[in-house]
Amino acid sequence: MSVVDTTVVGRPLIELDGVSRSFKVPGGVITAVDSVSLAIGAGEALCIVGESGCGKTTTGRMLAGILRPTGGRLIYEGQDVWAKRGTDLSAFRRAVQLVHQDPYASLNPTRTIFQTLSAPIYRHKKAKGNRDAVNRVRHLLQVVGLTPPDDFLGKYPHQLSGGQRQRVAIARALTVDPRLIVADEAVSMVDVSIRISLLNLLLGLRNEMGVSIVLITHDLAVARYFAREGRIGVMYLGRMVELARSEALVSDPAHPYSAALIAAIPEADPNITRSKDRVMLKTAEVPSLLALPPGCTFHPRCPLAEEGLCDVLVPALLPLPGGSPREVACHVAIRERQPAAELLA
Amino acid sequence: MTPILSVRDLSIDYRTRRGPVHAVRDVSFDIAKGETVAIIGESGSGKTTLAVSLIRLSPRSAKIVKGRILYTNDRETVDIRTLPDDELRQYRWSECAMVFQAALNSFNPVINIWEQFADTARAHGLKDSKKIHARAQELLDLVHLDPKRVLTAYPHELSGGMKQRVLIALSLMLEPQLIILDEPTTALDILTQRSIIDLLGTLRKRLGFSMIFISHDLSIAAELADRMITMYAGTVVERASVTDLFYRPRHPYSVGLLRAVPRVSGAMGAVASIPGSPPDLIRLPPGCTYAPRCPLAIPACSEREPDLLPVDMPDHDARCILWKTVAEQVGNAEVAVAEKIATA
Amino acid sequence: MTAAALPRRGDRTLPRPLESAIEFLRLLSKRPSGLIGFIGILFFLTLAFVAPLFVPNQESGDVTQLYETPSLQHLLGTDNAGRDVLNQIVQGGKEIMSVALITAFLTTLVATVLGSISALIGGRFDAALVAIADILLTVPPLIVLIVISALARPTNFLALALVLSLLGWAGLMRQVRAQVLTLKERDYVEAARSLDLGLIHIVFREILPNMRSYIVIHFVLAMTGAIYAQVALIILGLVPFSGKNWALMLYFAQTQGAFYFKDAFWFVFSPILAIILLQLSLVLFVNALEDIFNPRLRSS
């Protein structure tokens, strides 16, 4: 499957090339991710959104090298990652770090913040002696906004708030100088009023250190804020159905599913939310991953679905002509050369 | 008209080894017949402690140290705090029902949905199985679920959205006047959230009950609430109609919270987090508990905790001595606060 | 808690073990039954290991004072050969407790190592080890104990400890394995793997420290098990011991028919009481430990 780079200039840092991941479960085989292609450039901020079961977390974990794809290739700096062995594979693993969702489970409760952050520093000889290690840890704590750093070195995770723990998790990811950080729902379990500061921290890492960030979230408002200078990829039942710049996606979604999501989101603004036009879906039932519909998996619910086309042929993620570079996996939108939002209006 | 629920100066403490935790402090509010009130707060705000105290389901370590919870139906007014056990059982579910968060194990995992209905019905005096069955079918129809499919299912076989609907159906069994919902849309997918919100709106119109939402999610307040209360560190910091609170807040915490939540539609505005963290509820800072994080704080703020003061709009109170400054900052326009501050 | 001084590899203001010990005693003092158990254990440790250093061994007795009732001279009376019972109690604790300690140590060590490796390696090795453990667990322990003792004929207490260990590791191994399987999936272990911290680090710094409480509790429980097993074997005469031992006192009491003499009551009762009180102390202490190690129950 060819990958169309809509915004990335030059060779991408990391690429998912037709990547799939299946799991055997009692009852059959679940294809959690189906032929997803995505290219991420150096210093890019990208968001993957979708509802539960769409495969976004699985995709994130494959990007981080934690899960091995059952189909397709993961390409890092031009080389197939899983064809590597030994030290090369370890080097890749360090280059891509994952920040977990649950701040209460991501840090070892029996180790102090200093112990947690210094372990990789010592292990990978990033410091010359103890004093240097302490200074490096102090520096990292400052980068993630935990100041004064000396207040945190001797503390245990249970003495920190959820937001502070996430900052430590980010600092830990930074100890090995990664090129890409995958933040898997990293702000979902944190208080609402501090989510923005964590997102700003991640964006700051990109701006100042050139680290690419992929944020996985189910919250479209968070995605819009985070990816406002970048792209959002929408996933549905294991497939990428739309890939577009944040503002374009939000104001003029190309895929009917994206349009339905955006129309359905409850917003923190009474006038807007009480007067939103809905996109009526044919049914509220989400198909089971064990029995996916043929053709476009969204067709049983899609108001634009055409018999004989959408229920037969799987739509490819193709570029949609228009103002902003974007890709959409929808037969009707591609044929009409128009985003679904316009077709549904 | 007497409000159906009137909470006055309610204060609740938890006993802990380090000392009493002042989880709820001097909370007062009313809710009228058919009205929907949203209580919005983050972790440590006291909202859940408050909610469970309204039907006296607080854990044993919680103690109501002050205040009254007055409930009124057509016949009489009673103080929930002092209700004897048999009257309390009647109050619970036939007058006031609670819908818990479906994602948090609110179901007994080893019995099916029909038995959940039957158990609840029998616990409240209904004995005729046929009648209970008919009622269960009626209720499941109301929440747009297929009784044939759902009654025989076990909780783990249902999706999050379906479970939340069943909990709503169960709460309506005895036609209560008041329903309390604890984080009804948290942890649900977007499309499912939308269907639950629409369902609650339809049911409210059809059956005319009052609702109290407890949530950290501002959007559910924006969707369904008539009035809104923001809570911080155990106390009410602002009380207003929903449009007043979203567009014309008068407390710096409300402003901070509104600014901290990004939206999908409309202009982004000046989105920003609130610096710092909520205070320790055992050792509260002197004076206004929000002062340490407040951009407007002056020395007078830390001297004495302010009372809930009426502001320049009717039926609107804020616990801030500088509410006029806040009013100057946000003005009165029907535009999101984040946008207003961005263009200011 | 703030680190006032420049922290070295994990150091804080006080040496860690001392600070943990003080905290532990503080938590224990809030649980009376546990405190009683702890004091009981200390008492018996002193009685078994320290007291014999001061109380000389009495080999022969005064045959004119057979089965005497307790008096100022013989606080717990005398036995069938006129020997002081209290003296025997003092001398007799060492072997029982040594066997208990050594067995518990060996069992815990073997079970922890096998359980961890099995969980981390997985595959056929894991399946084989679990099968062996299951077999050991299904067979009635006392029967196996008797058979092994008959075959191995342990003549001293070390050998007995080894025999008991052969049997005791299976249950704990399965539990350790289950715990490690769970902990292995924790986010922080996954992070450690992605940061390439190495298997040794993951086992010793990430996983095992989170099982500390587990291991300590099972150590103490293994002691109680070992004491019961020893007593059973010795009383049944399956172990050809000589020397001083509470269980041996009971064995001799049985063979000498002391159970039929009213005057021999203290000779029979003293070792029983000692064993019961020791077990009780261990159990009370373990109950408090479970409470202390569970952060949710701790509520501090």
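Every chain is numbered from 1, with letters handed out A, B, ... down the list of sequences.
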>> For A/Ile66, which atoms come within 4.5 Å of any heavy atom of chain C: side chain, backbone, both, or neither?
In response: side chain

> If you count the non-hydrogen atoms of other residues, nucleotides and ligands that lie under 6.0 Å from CZ in A/Phe23, is the total more than 12?
Replying inline: yes

> Out of curiosity, C/Glu206 CD to A/Thr116 OG1, how far, rounded to the nearest 0.5 Å?
Replying inline: 7.0 Å

> Nearest heavy-atom pair of A/Arg123 and C/Gly198: which atoms, and what distance?
Replying inline: NH2-CA, 3.8 Å

> Side-chain contact, heavy-atom cut-off 4.5 Å: C/Leu195 with A/Arg94?
Replying inline: no

>> To check you understand the geometry: which heavy-atom pair defines the closest contact between C/Asp187 and A/Ser106, and what is its length?
In response: CB-CA, 3.8 Å

>> Counting heavy-atom pairs closer than 4.5 Å to chain C, which one of A/Pro109, A/Ser118, A/Gly65, A/Ala64 comes out on top?
In response: A/Pro109

> At a heavy-atom separation under 4.5 Å, does A/His158 approach chain C through its side chain, its backbone, both, or neither?
Replying inline: neither

>> For A/Ser90, which atoms come within 4.5 Å of any heavy atom of chain C: side chain, backbone, both, or neither?
In response: both

> Where is the tightest heavy-atom contact between A/Ala119 and C/His201, given as atom of each residue plus distance?
Replying inline: CB-CE1, 3.6 Å

>> In the structure I gave you, are the side-chain heavy atoms of A/His100 and C/Glu190 within less than 4.5 Å of one another anywhere?
In response: yes

> Crowded around C/Tyr214 OH? As in, over 12 foreign heavy atoms under 6.0 Å?
Replying inline: yes

>> What part of A/Thr175 gets within 4.5 angstrom of chain C, counting heavy atoms only: side chain, backbone, both, or neither?
In response: side chain

>> As an exercise: rank A/Val99, A/Val176, A/Val137, A/Leu107 by heavy-atom pairs under 4.5 Å with chain C and give me the winner.
In response: A/Leu107

> Checking A/Asn108 side chain against C/Tyr188 main chain: does a donor-acceptor pair fall under 3.5 Å?
Replying inline: no

> Side chain, backbone, both or neither: which part of A/Arg93 has a non-hydrogen atom closer than 4.5 Å to chain C?
Replying inline: both

> Closest approach of A/Gln97 and C/Ser194, non-hydrogen atoms and distance?
Replying inline: NE2-O, 3.2 Å

>> Using heavy-atom distances under 4.5 Å, tell me whether A/Arg111 contacts chain C through its side chain, its backbone, both, or neither.
In response: side chain

